[in-house]
Amino acid sequence: MNAEAVPRCQLPPLPPGRHYRFHVMAKPAGALCNLDCPYCFYLHKSELLEHPRNARMDDALLETHIRQYIEAQTGDEVVFSWQGGEPTVMGLDFFRRVVELQARYRKPGQRIENDLQTNGLLLDDKWVAFLKAHGFVVGLSLDGTRALHDRYRPTKGGEPTFDRVVAAAQRLAAAGVPFALLCAVNRDVARAPLEVYRGLRAIPGTYRIQFTPCVETREFKARAPALSSTADRVPLGAPRSRPDHPLSIVTEWSVDARDYGDFLCTLWREWLANDFGRVHINVFETAVAQSLGLPAQMCTSAPVCGKAMALEHDGELYACDHFVYPEFRLGNIREFHQGDLAFSRKQTEFGLAKHDSLPGWCRRCPQLNLCWGECPKNRLLRTPDGEHGLNYLCEGLQAFYAQVARDMPEIRRRLGVHAPSTTPRGDTR
């Protein structure tokens, strides 16, 4: 298939000063990975979507993606994200082709950026030199301590990987390649907050850390969380909402909501006392920004979603990385321009549903403007008054945001920012 064979983008022109922007996480090797993490939400996609073994994005589809992605976005910056599975199994030649095609299709005055989310096992000196030469930003998965990391992130053969990931971080730091450490906060990680944080902070070159809570329903390998039956949605605080319950609605490795709140609060106090302005933590920075009246920096804490999609190796575009299920398929970019799919009615409704489906309990919450119901995939509970759609992490998030609120006067003082005037609740001016 020739990349030019796909129809051109049909999006109408926008008024001056407005732009089409969206984000796609491309998975050129699908769910293929050289690790066997028990908490991974993506390894099972090969079976669910009936992908062949050792699936790979072919050159024609790669060119189609790059051309369409650049063509459909009208801003001065286009950010490509490469994820998996494990994207580095595609090899360096694949990514050399990536930058070649990006240079070919880049619009005049447009800046192309790339980020690569990897487990780091294949990042040798050649890889690091390439990443440096082409300005890639790297996300490197590392779960804090050696014991926790090796328990949850072994190779397919069960071998530990902690030392290999730390070595990759050291190579990146030595070469001056910017990277962020990504820590998956599962049930055990959440119970060792300071050990995890201090372990990550001690890695040379670390000044960005991303914490992502692990929450998956028991049936996540077969059915999207948004499609779980209402009978499986238990009330806030119910015993079955705890991961250690024999009939829990979530997996045994999912983080406990209360533990997650304790984890964030403990890290926040450590960060505020020792690392404020020095270590950038995704959850903390968006909480501070939103507390100052600025937009959310993470889709999970924004009022709506839908601008971050996932592209599989075969050209299938899905509504979100966490909703790669048949019901949330938007179409194939071999047949439809991904710009049209990104702004289609189906995807628009998916994004707005985050806001429109919020239960009244959330709408009345004083912390609504920091949370917005968090990620829709985690809305697994019923509110105390019986509504569906309450976030599984609600108890923990409430504790964390309360901690943030208590400390915001001090943060404003440090930043030299005056407290904003308050608007009466319910006033929509």
Side-chain angles (χ1 to χ4, degrees), residues 3 6-28 62-83 98-99 101-117 134-137 139 178 180 208 210 280 282 285-286 289-290 293-312 315-324 328-333 336-356 372 375-376:
V6 178
R8 289 287 177 173
C9 189
Q10 301 300 309
L11 292 171
L14 287 171
R18 296 189 62 190
H19 298 285
Y20 285 111
R21 289 191 179 95
F22 61 96
H23 186 227
V24 168
M25 289 172 277
K27 298 173 180 289
L62 174 65
E63 184 172 355
T64 296
H65 168 51
I66 290 174
R67 178 181 66 80
Q68 289 184 5
Y69 196 53
I70 292 174
E71 184 178 80
Q73 308 206 50
T74 58
D76 57 3
E77 179 186 69
V78 178
V79 179
F80 284 82
S81 294
W82 307 97
Q83 299 194 4
V98 164
V99 296
L101 290 168
Q102 289 172 342
R104 178 187 302 176
Y105 289 106
R106 181 178 66 86
K107 300 173 186 175
Q110 196 173 54
R111 185 170 70 257
I112 303 294
E113 304 285 350
N114 287 279
D115 59 67
L116 177 76
Q117 180 60 46
H134 296 285
F136 275 62
V137 175
R208 292 178 181 165
Q210 299 176 16
H280 302 276
N282 61 339
E285 293 207 342
T286 195
Q290 289 173 267
L294 300 172
Q297 298 180 8
M298 297 164 53
C299 61
T300 54
S301 55
V304 298
C305 60
K307 289 294 185 71
M309 286 145 283
L311 178 68
E312 262 290 345
E316 298 286 344
L317 189 67
Y318 292 87
C320 171
D321 188 31
H322 288 280
F323 285 84
V324 178
F328 295 93
R329 174 186 176 274
L330 298 173
N332 195 297
I333 68 169
F336 304 97
H337 198 289
Q338 66 180 281
D340 295 324
L341 295 174
F343 294 95
S344 64
R345 180 172 181 175
K346 181 175 182 179
Q347 182 65 1
T348 300
E349 290 175 349
F350 171 84
L352 293 176
K354 176 177 182 179
H355 178 275
D356 296 345
W372 292 107
C375 183

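Below, each value reflects all heavy atoms present in this structure, side chains not excepted, and no hydrogens, waters or symmetry copies.
Annotation: the span from H355 atom NE2 to L352 atom CG amounts to 9.0 Å, rounded to 0.5 Å. Rounding to the nearest 0.5 angstrom, the gap separating the CD atom in E113 from the CD atom in E77 is 5.0 Å. Here the NZ-OG1 distance, from K354 to T300, works out to 6.0 Å after rounding to the nearest 0.5 Å. For the atom pair CG of L311 and CD of Q338, the computed distance is 6.5 Å after rounding to the nearest 0.5 Å. Atom CG in D356 sits 9.5 Å away from atom CD in E349 (nearest 0.5 Å). We find the CG-CZ distance between L317 and F336 to be 11.5 Å, quoted to the nearest 0.5 Å.
The minimum heavy-atom distance linking I66 with Y105 is given by the pair CG2-CD1, 4.4 Å. Nearest heavy-atom pair across F350 and G306 is CD2-CA, 4.2 Å. The shortest non-hydrogen separation linking T74 to K107 is CA-NZ, 4.3 Å. Between F136 and L116 the shortest heavy-atom distance is CD2-CB, 4.2 Å. A pairwise comparison of heavy atoms in P295 and A289 identifies O-CB, 4.1 Å as the closest pair. Between F22 and A72, the shortest heavy-atom contact is CE2-CB, 3.7 Å.
Applying the side-chain hydrogen bond (donor to acceptor under 3.5 Å, both in side chains) criterion to Q290, with sequence neighbours excluded, gives T286, S301. When the side-chain contact (heavy atoms from CB on, under 4.5 Å) test is applied to A308, the partners found at least two apart in sequence or on another chain are H23, M25. Take Y318 and apply the ring-ring contact (aromatic ring centres under 6.0 Å, His included) test, not counting sequence neighbours, and it matches no residue. For R208, there are no salt bridge (charged side-chain N to carboxylate O under 4.0 Å, His left out) partners at least two apart in sequence or on another chain. Listed by chain and number, the residues in a side-chain hydrogen bond (donor to acceptor under 3.5 Å, both in side chains) with Q73 amount to none (sequence neighbours excluded). Residues forming a side-chain hydrogen bond (donor to acceptor under 3.5 Å, both in side chains) with D115 (at least two apart in sequence, or on another chain): S81. Partners of D321 by salt bridge (charged side-chain N to carboxylate O under 4.0 Å, His left out), not counting sequence neighbours, listed by chain and number: K27. Among residues two or more places apart in sequence or in another chain, the side-chain contact (heavy atoms from CB on, under 4.5 Å) test is passed with N332 by E316, R329, R334, E335. With sequence neighbours left out, the salt bridge (charged side-chain N to carboxylate O under 4.0 Å, His left out) criterion links E285 to no other residue. Here C299 pairs with nothing under the side-chain contact (heavy atoms from CB on, under 4.5 Å) rule; sequence neighbours left out. Residues passing the salt bridge (charged side-chain N to carboxylate O under 4.0 Å, His left out) test with R106: none are found, sequence neighbours excluded. Every residue two or more places apart in sequence or in another chain was checked for a side-chain hydrogen bond (donor to acceptor under 3.5 Å, both in side chains) with Q347, and none qualifies.
Side-chain atoms of Y69 never come within 3.5 Å of backbone atoms of F80 as a donor-acceptor pair (strictly under, hydrogens ignored). Not a single donor-acceptor pair under 3.5 Å links the side chain of K346 to the backbone N or O of L341. Distance alone, capped at 3.5 Å, is enough to place a donor-acceptor pair between the Q68 side chain and the I333 backbone. Not one N or O on the side chain of Q83 forms a donor-acceptor pair closer than 3.5 Å with the backbone of Q117. The closest donor-acceptor contact from the side chain of H337 to the backbone of G339 lies under 3.5 Å.
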Could you go through the side chain to side chain contact (heavy atoms under 4.5 Å, CB included) check for M298 and N282 one step at a time?
-> CA-CA 8 Å; M298 297 164 53; N282 61 339; 4.0 Å; yes
Let me see the working for M309 and F323 under side chain to side chain contact (heavy atoms under 4.5 Å, CB included), right down to the final yes or no.
-> CA-CA 9 Å; M309 286 145 283; F323 285 84; over 6 Å; no
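Counting only heavy atoms from C-beta outward, the side chains of V98 and W82 approach each other to under 4.5 Å. C305 is not listed as a side-chain neighbour of C320, based on a closest heavy-atom distance of 4.5 Å or more.
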